[in-house]
Amino acid sequence: MSDRPVRVRVAPSPTGDPHVGTAYQALFNYTFARSRAGKLILRIEDTDRARSTPESEAAILESLSWLGIEWDEGPDVGGPHAPYRQSERVVIYRQHARQLLDAGSAYRSFISKQALDQLRADQREQGWQGFFDAEGREMSREQSDRRADSGEPFVIRLKTPLDGDCVMKDLLRGEVSKEWAQIDDQILIKSDGYPTYHLANVVDDHLMGISHVIRGEEWISSLPKHLLLYEAFGWQPPVFCHLPLLRNPDKSKLSKRKNPVSIGYYQRAGYLPQALLNFLGLLGWSMPSGEEKFTIDEMIAEFRLEDVSLGGPVFDLRKLRWLNGRYIREDHDARSLRLALENWALNATRLESILPLAQPRMDALSDWGYLTAFFLADEEPFDPTDLKLKGKTADELAALLQTVIWRLEQQRDFTPEALQQTFRELSDSLEIKLRDLTLPLYVALTGKTASTPLFQSMAILGSDIVRMRIARAVDALGGLSSKKLRELEKQYEARFGTRG
RNA sequence: GACCCCAUCGUCCAGCCAGGUCAGGACACCAGCCUUUCAAGCUGGGAACACGGGUUCAAAUCCCGUUGGGGUCGCCA
């Protein structure tokens with residue numbers, strides 16, 4: 001299988017902000033592909049039709065391009081295996097699911113979602129770790145067809161062995177084995193007719209000729225299901241390589257609650273794409289020479305997949321900042337730095353969007369600097385004692401600001417009008433006067449109690465920086481315990497529906 | 001909780017696979033130098049093989065156990 005042409009893929013799910021974890025996976029896939037004269041395929045895994053959005057997909061492509069990751073095939077550039085968006089390949093998955101049904105490797109399950117919980121609990125009680133639908137497994141094909149034809153809702157499940165071991169091979173870990181009894185009969189086709197990740201990724205990886213699946217460690221526990229699918233189809237599986245997961249400073253899986261994770265944030269905060277990519281390359285891998293500053297091409301020249309280390313690396317912002325500083329100091333003269341600055345934010349368009357907000361507050365041209373500096377910053381320092389809301393304790397305000405962050409996470413349209421609308425609704429439903437609600441936000445966002453108009457300023461700052469600054473305000477107020485957070489989340493969902 | 005993965009300075013890595021130099025580099029931290037200040041730069045410093053058993057003349061390196069961390073246990077990916 002090592003003779004096969006190298007074809008790897010990065011397969012993000014367009015369900016939110018472009019994530020640095022995606023960039024990390026993309027970098028290693030890209031580097032591996034280039035080092036082996038192979039191809040990188042970008043595939044959009046949008047089979048979760050409730051959460052996938054075109055905006056998110058566009059943002060992901062844009063972020064990866066910004067970083068300098070180049071893919072050879074993808075939804076935007078096409079390729080011999082188009083389409084590269086899973087929502088456009090549903091027919092293919094259904095055909096393959098049918099094939100599995102015919103072969104007896106999968107079965108229809110007619111259990112309702114409610115009954116499912118009970119059944120699962122029962123099986124657990126009997127000491128069964130996986131899950132299977134005995135009725136569905138036994139059901140004759142005729143009966144199964146009849147019930148399906150009559151319009152009864154169903155899912156298609158993979159028929160997993162009830163005993164024995166599954167022996168898997170991981171490029172970095174060697175052989176890993178797991179009891180089949182631990183593995184549930186994975187749903188392949190959901191009741192909405194869309195495939196789950198497990199089916200879609202195996203079918204696509206095969207059809208697209210993927211030679212190596214390089215993905216996050218979180219997938220290792222579902223590898224048996226994937227392997228079983230390859231076997232059921234009679235396909236040769238690719239080489240699997242699970243990369244460690246990026247971590248928060250407390251070692252938990254990198255999450256937006258504890259660390260900025262959106263690529264867009266790093267862009268807006270003034271990090272250079274080369275530096276961010278270089279930094280990501282330092283996590284789990286190093287140059288043989290020990291040099292820590294390197295270009296992607298230099299990395300490609302030295303990269304060997306088997307050299308990746310397995311400890312979950314902490315995403316250390318301080319080191320990223322240092323590296324970024326080296327790029328700024330070592331790779332630029334005044335002219336090219338000016339260009340970088342213009343490219344980043346110091347350009348006519350951005351300035352002309354900011355200026356109308358400052359103009360009414362300017363008596364001299366020199367007022368411009370202090371009035372608008374916060375537009376061009378990452379963090380904006382504020383006086384924590386300014387962070388208050390009439391009749392609310394610090395804890396209550398923290399909770400309130402967290403609610404605002406969640407609400408903003410769902411805000412696709414970040415125009416002043418849309419933001420105003422959102423905040424009016426927020427103020428109504430929280431029964432807080434809009435004036436009062438916005439005051440702490442001025443402090444968090446602009447560093448001052450009085451500044452340029454909030455919603456217009458927010459629109460210019462952009463969602464990533466806005467949410468980060470509010471999150472920092474929450475921290476400044478003492479933060480929220482995880483218990484408190486869970487409570488708050490419940491209240492939030494009761495009030496505004498489920499969050500992303 | 002069950003299963004799986006992982007384990008070198010606070011953090012990121014090198015060393016491990018082919019046991020044998022004071023365990024090396026970087027970030028951060030501290031000190032000094034340079035300097036009109038602050039950075040940057042330079043020099044130096046403190047800082048780790050999780051623990052316990054084996055195997056061996058010899059273990060960070062190989063094996064087992066313990067502990068710790070992480071992941072998974074969805075009609076999310």
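Atom set for the values below is all heavy atoms of this structure, side chains included, hydrogens, waters and symmetry mates excluded.
The base of B:rC75 sits within donor-acceptor range of the side chain of A:Ser191, with an N or O pair under 3.5 Å. Applying the 3.5 Å distance criterion, the base of B:rA28 shares no donor-acceptor pair with the side chain of A:Lys319.
Ion pairing between a basic and an acidic side chain is recognised when a charged N comes within 4.0 Å of a carboxylate O; A:Arg51 and A:Asp48 show such pairing. Between A:Arg467 and A:Asp464 a salt bridge is recorded (basic side-chain N to carboxylate O distance below 4.0 Å).
Across all strands shown, the partner of B:rC42 is B:rG32, judged by Watson-Crick or G-U wobble contacts whose two distances both fall under 3.5 Å. Of all nucleotides present, only B:rU11 satisfies the Watson-Crick or G-U wobble test against B:rA26, with each distance under 3.5 Å. Summarising the base pairing, B:rC51 is matched to B:rG65 through a Watson-Crick or G-U wobble pair whose two defining distances lie under 3.5 Å. Across all strands shown, B:rA60 has no partner, as no Watson-Crick or G-U wobble contact with both distances under 3.5 Å is found. Partner assigned to B:rC3 is B:rG71, using Watson-Crick or G-U wobble distances below 3.5 angstrom.
Counting only heavy atoms from C-beta on, A:Lys190 has its side chain closest to B:rC75 among B:rA28, B:rC75, B:rC13. In this structure, the nucleotide among B:rG1, B:rU11, B:rA77 sitting nearest to the side chain of A:Glu218 is B:rA77. Proximity note for A:Pro313 (side chain, C-beta onward) versus B:rC27, B:rC76, B:rC13: the nearest is B:rC13. The listed nucleotides are B:rC13, B:rC27, B:rA77; the one nearest the side chain of A:Glu45 is B:rA77. Side-chain proximity of A:Ser252 to B:rG70, B:rA77, B:rC13: nearest is B:rG70. Listed candidates were B:rC27, B:rC5, B:rC12. Nearest to the side chain of A:Trp322 is B:rC27. Between B:rC3, B:rC6, B:rC76, one nucleotide has an atom nearer to the side chain of A:Arg51 than all others, and that is B:rC76. Checking B:rA2, B:rC75, B:rC5 against every side-chain atom of A:Val176, the shortest atom distance belongs to B:rC5. Between B:rC6, B:rA2, B:rC27, one nucleotide has an atom nearer to the side chain of A:Gln129 than all others, and that is B:rA2. Comparing B:rG70, B:rU11, B:rC13 against the side chain of A:Leu283 picks out B:rC13 as the nearest.
The aromatic ring centres of A:Tyr24 and A:Phe28 sit less than 6.0 Å apart. Checked against the 6.0 Å centroid threshold, A:Trp66 and A:Tyr266 do not count as a close aromatic pair. No close placement of the A:Phe279 and A:Tyr271 rings is indicated, their centers lying 6.0 Å or farther apart. Annotation: A:Tyr197 is not in aromatic contact with A:Tyr93 [ring centroid separation under 6.0 Å not met]. No close placement of the A:Tyr230 and A:His206 rings is indicated, their centers lying 6.0 Å or farther apart.
To the nearest whole angstrom, the two P atoms, one in B:rG45 and one in B:rG52, are 29 Å apart. Comparing B:rC34 with B:rG44, their C1' atoms are spaced 15 Å from each other, to the whole Å. To the nearest whole angstrom, the two P atoms, one in B:rU61 and one in B:rU8, are 12 Å apart. Spacing between B:rC73 and B:rG10 at atom P, rounded to whole Å, works out to 33 Å. For the P atoms, the distance from B:rG32 to B:rU67 is 47 Å, rounded to whole Å. Comparing the P positions of B:rC6 and B:rC42 gives an interatomic distance of 38 Å, to the nearest angstrom. If you take atom C1' in B:rC63 and the same atom in B:rG19, they sit 13 Å apart, rounded to whole Å. To the nearest whole angstrom, the two P atoms, one in B:rG53 and one in B:rA59, are 13 Å apart.
At least one side-chain nitrogen or oxygen of A:Arg120 sits closer than 4.0 Å to the OP1 or OP2 atom of B:rG74. A sub-4.0 Å separation between OP1 or OP2 of B:rG41 and a side-chain N or O of A:Arg329 is present. Dashed line: the shortest gap from a side-chain N or O of A:Ser286 to OP1 or OP2 of B:rG25 is not under 4.0 Å. For B:rC6, neither phosphate oxygen OP1 nor OP2 lies less than 4.0 angstrom from any side-chain nitrogen or oxygen of A:Lys251. In this model, the phosphate group of B:rU72 is approached by a side-chain N or O of A:Lys253 to a distance below 4.0 Å at OP1 or OP2.
In this structure, A:Val155 reaches the bases: a heavy-atom distance under 4.0 Å links it to at least one base atom across the strands shown. Nucleic acid contact for A:Glu292: base, since at least one base atom lies under 4.0 Å from a heavy atom of the residue. Across all strands, A:Leu280 comes closer than 4.0 Å to no nucleic acid atom at all (heavy-atom distances). Contacts of A:Ser309 with the nucleic acid, taken as non-hydrogen atoms under 4.0 Å apart, involve only primed sugar atoms and P, OP1 or OP2. Counting non-hydrogen atoms under 4.0 angstrom, A:Arg326 reaches nothing in the nucleic acid. Within 4.0 Å (heavy atoms only), A:Gly312 reaches sugar-phosphate atoms of the nucleic acid but no base atom. Among the heavy atoms of the strands, none lies under 4.0 Å from A:Gly130. When heavy atoms are screened at a 4.0 angstrom cut-off, A:Arg124 is found touching the sugar-phosphate backbone but no base atom.
In terms of position along RNA chain B, the nucleotide closest to A:Met168 lies nearer the 5' end than the nucleotide closest to the other residue of the pair A:Met168 and A:Leu116. Of the two residues near RNA chain B, A:Arg173 and A:Arg318, the one whose nearest nucleotide lies more 5' is A:Arg173.
No hydrogens or angles considered: a donor-acceptor pair under 3.5 Å links the side chains of A:Asp185 and A:Tyr107. Residues A:Asn201 and A:Glu45 bring no donor and acceptor atom of their side chains to less than 3.5 Å of each other. Using modelled atom types and a 3.5 Å distance limit, the side chains of A:Ser87 and A:Asp46 yield a donor-acceptor pair.
Spacing between atom NZ of A:Lys293 and atom C1' of B:rC12 amounts to 18 Å, rounded to whole angstrom units. Put simply, CG on A:Asp192 is 7 Å from P on B:rC76, counting in whole angstrom units. A straight line from CZ of A:Arg108 to C1' of B:rC75 spans 16 Å, rounded to a whole angstrom. A:Lys113 has its NZ atom 5 Å from the C1' atom of B:rC75, to the nearest Å. Rounded to whole angstrom, the span from the CZ atom of A:Arg247 across to the P atom of B:rC13 amounts to 10 Å. The distance from atom CD1 of A:Ile328 to atom C1' of B:rG41 is 17 Å, rounded to the nearest whole Å. Put simply, CD on A:Gln25 is 12 Å from C1' on B:rA77, counting in whole angstrom units. Straight-line distance from the CG atom of A:Leu323 to the C1' atom of B:rA40: 15 Å, rounded to whole Å.
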